[in-house]
2 protein chains.
Amino acid sequence: MVCERNTIQKEKIFKYLSSVETHPTAETVFNEVRKEIPSITLATVYRNLNKLAEQGCVHRLELNGEYHFDGRQGMHQHGVCRKCGKIIDFIDSEISKNALKKINSADFEAEDVTIIYSGVCKECKYTGRN
Amino acid sequence: MVCERNTIQKEKIFKYLSSVETHPTAETVFNEVRKEIPSITLATVYRNLNKLAEQGCVHRLELNGEYHFDGRQGMHQHGVCRKCGKIIDFIDSEISKNALKKINSADFEAEDVTIIYSGVCKECKYTGRN
DNA sequence: CCTTTAAATAATAATCGTTATTAAATAGTA
DNA sequence: TACTATTTAATAACGATTATTATTTAAAGG
């Protein structure tokens, strides 16, 4: 079975990721989950996050020099603000499906596609932050 | 001007990236460029690569837990083999243009899009490697 | 040219995110 | 209940990247 969650630790980690709309790092997940399981270590969090990602239960994004984890189900895209680093979701499975459809190479069998927009978020645009 | 290259070090780094079709890490660039400038250090290579990326002269990709640098000009996409990690180029600016066109959010002003396919390369498919 | 000033360099150390190791604990199964 | 494989906590180690600093170099104006 794909999304087995056979330890308390793994289950709490998955539940937390599923409960938020953000894209936390392992450190953030650790700080949340340790409220419920004080003895848990960062290494355990990493191990379970990576396993969940391997199993396809969560997404792992490489952004801003670190891994971010994303519990949202279904095809979606991300936007990353080049000023503040904020990550937001775009939900339009057509975009991803179209991009996948158009790749047809003898050298590579595409199974999935990651689409990341870079630009400026609303807050940074208004404040003129940089 | 966008792509100023005002030191020997920066120029050689840019020339090397422009001369290859691969997506080398800073370490690889360092090992190549030091053949011509033996005194150069890895930190200098990083600094110049990041500056070139900021200036839009090269692309910086976050893949397999490290940065890869890409001197190819123009919109293109990448495929990453989930078995061996190999990175290949796809050149179809329409895919990227379409993906950019479809994003129209009040919360985010998209300037650029990164499209990364994951899948299996020809070699890994034939050999059944994992 | 020569001087000045800001920026880049080499050398090195430090930092940060992530993974490896290991003995003890736990889950799953017979 | 007993057995076996997996997972855990604790800790150390690793690898990629960035910071520091004294020295050198580039660039622009006089």
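Every heavy atom of this structure was used, including side-chain atoms; hydrogens, water molecules and symmetry mates were not. Chain identifiers are assigned alphabetically (A, B, ...) following the order of the sequence lines, protein sequences preceding nucleic acid strands; residue numbering begins at 1 within each chain.
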Compile the donor-acceptor pairs under 3.5 Å between side chains in residues 97-107 of chain A and protein atoms, sequence neighbours left out, one pair per line.
residue: Asn98(A); atom: ND2; partner: Glu94(A); partner atom: O; Å: 3.3
residue: Ser105(A); atom: OG; partner: Asp107(A); partner atom: N; Å: 2.9
residue: Asp107(A); atom: OD1; partner: Lys122(B); partner atom: NZ; Å: 3.2

Asn48(A) side chain N/O closer than 4.0 Å to the phosphate oxygens (OP1, OP2) of dT8(D)?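 For dT8(D), OP1/OP2 do have a side-chain N/O of Asn48(A) under 4.0 Å.
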Quick one: [X] [atom1] to [N] [atom2], roughly how many Å, whole number?
X	N	atom1	atom2	value
Lys10(A)	dA9(D)	NZ	P	14 Å
Leu61(B)	dT17(D)	CG	P	12 Å
Arg47(A)	dT6(D)	CZ	C1'	10 Å
Lys51(B)	dT17(D)	NZ	P	18 Å
Glu66(B)	dC14(D)	CD	P	18 Å
Tyr46(A)	dA13(D)	OH	P	19 Å
Leu49(A)	dT8(D)	CG	P	11 Å
Glu11(B)	dA27(D)	CD	P	10 Å

Just to be sure I understand the geometry, which residues of residues 25-44 of chain A put a non-hydrogen atom under 4.0 Å away from DNA chain C?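 The stretch gives Leu42(A), Ala43(A) as the residues lying under 4.0 Å from the strand, ordered by number.
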[X] side chain to [Y] backbone, donor-acceptor under 3.5 Å:
X	Y	result
Glu111(B)	Val120(A)	no
Gln77(B)	Asp92(B)	yes
Glu62(B)	Gly65(A)	yes
Ser18(A)	Phe14(A)	yes

Sequence neighbours excluded - ring-ring contact (aromatic ring centres under 6.0 Å, His included) pairs with any residue from residues 69-106 of chain B: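 Listed once each, the pairs are Phe108(A)-Phe90(B), His23(B)-His78(B), His59(B)-His76(B), His76(B)-His78(B), Phe90(B)-Tyr117(B).
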Can you run down the ring-ring contact (aromatic ring centres under 6.0 Å, His included) pairs that involve residues 25-48 of chain A, sequence neighbours left out, and say none if there aren't any?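 Matches after skipping sequence neighbours: none remain.
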Any salt bridge (Lys or Arg N to Asp or Glu O under 4.0 Å) pairs touching residues 38-57 of chain B, not counting sequence neighbours?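 Sorted result for residues 38-57 of chain B: empty, none.
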Set of side chain to side chain contact (heavy atoms under 4.5 Å, CB included) partners for Glu32(A), sequence neighbours left out: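 Side chain to side chain contact (heavy atoms under 4.5 Å, CB included) list for Glu32(A), sorted by chain: Tyr16(A), Lys35(A).
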Going by side chain to side chain contact (heavy atoms under 4.5 Å, CB included), name the residues that satisfy it together with Asn64(B), two or more places apart in sequence or in a different chain.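 Here the qualifying residues are His68(B), Val80(B).
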Between the two end axes of the helix from dC1(C)-dG30(D) to dA30(C)-dT1(D), each built from 5 base pairs, what angle do you get to the nearest 10°?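 End-to-end axis angle for the helix from dC1(C)-dG30(D) to dA30(C)-dT1(D): 40°, rounded to 10°.
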Residues clustering with Ile91(B) (ILVMFWY side chains joined when closer than 4.5 Å, directly or via others):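 Once heavy-atom contacts under 4.5 Å are chained together, Ile91(B) still belongs with nothing else.
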Return the polar atom pairs (N/O with N/O) between nucleotides 23-26 of chain D and the protein under 3.5 Å, or none.
residue: dA26(D); atom: O3'; partner: Asn6(B); partner atom: O; Å: 3.4

Partners meeting side-chain hydrogen bond (donor to acceptor under 3.5 Å, both in side chains) with Glu27(A) (sequence neighbours left out):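 Applying side-chain hydrogen bond (donor to acceptor under 3.5 Å, both in side chains) to Glu27(A) gives none.
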Contact boundaries of DNA chain C with chain B (under 4.0 Å, heavy atoms), 5' to 3'?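 Both ends considered, the range comes out as dA8(C) to dT12(C).
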Checking Ser96(A) against Ser93(A): is there a side-chain donor and acceptor pair closer than 3.5 Å?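 No, no side-chain donor-acceptor pair sits under 3.5 Å.
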Do the charged groups of Lys83(A) and Glu123(A) touch, with an N to O distance under 4.0 Å?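 Glu123(A) and Lys83(A): not salt-bridged.
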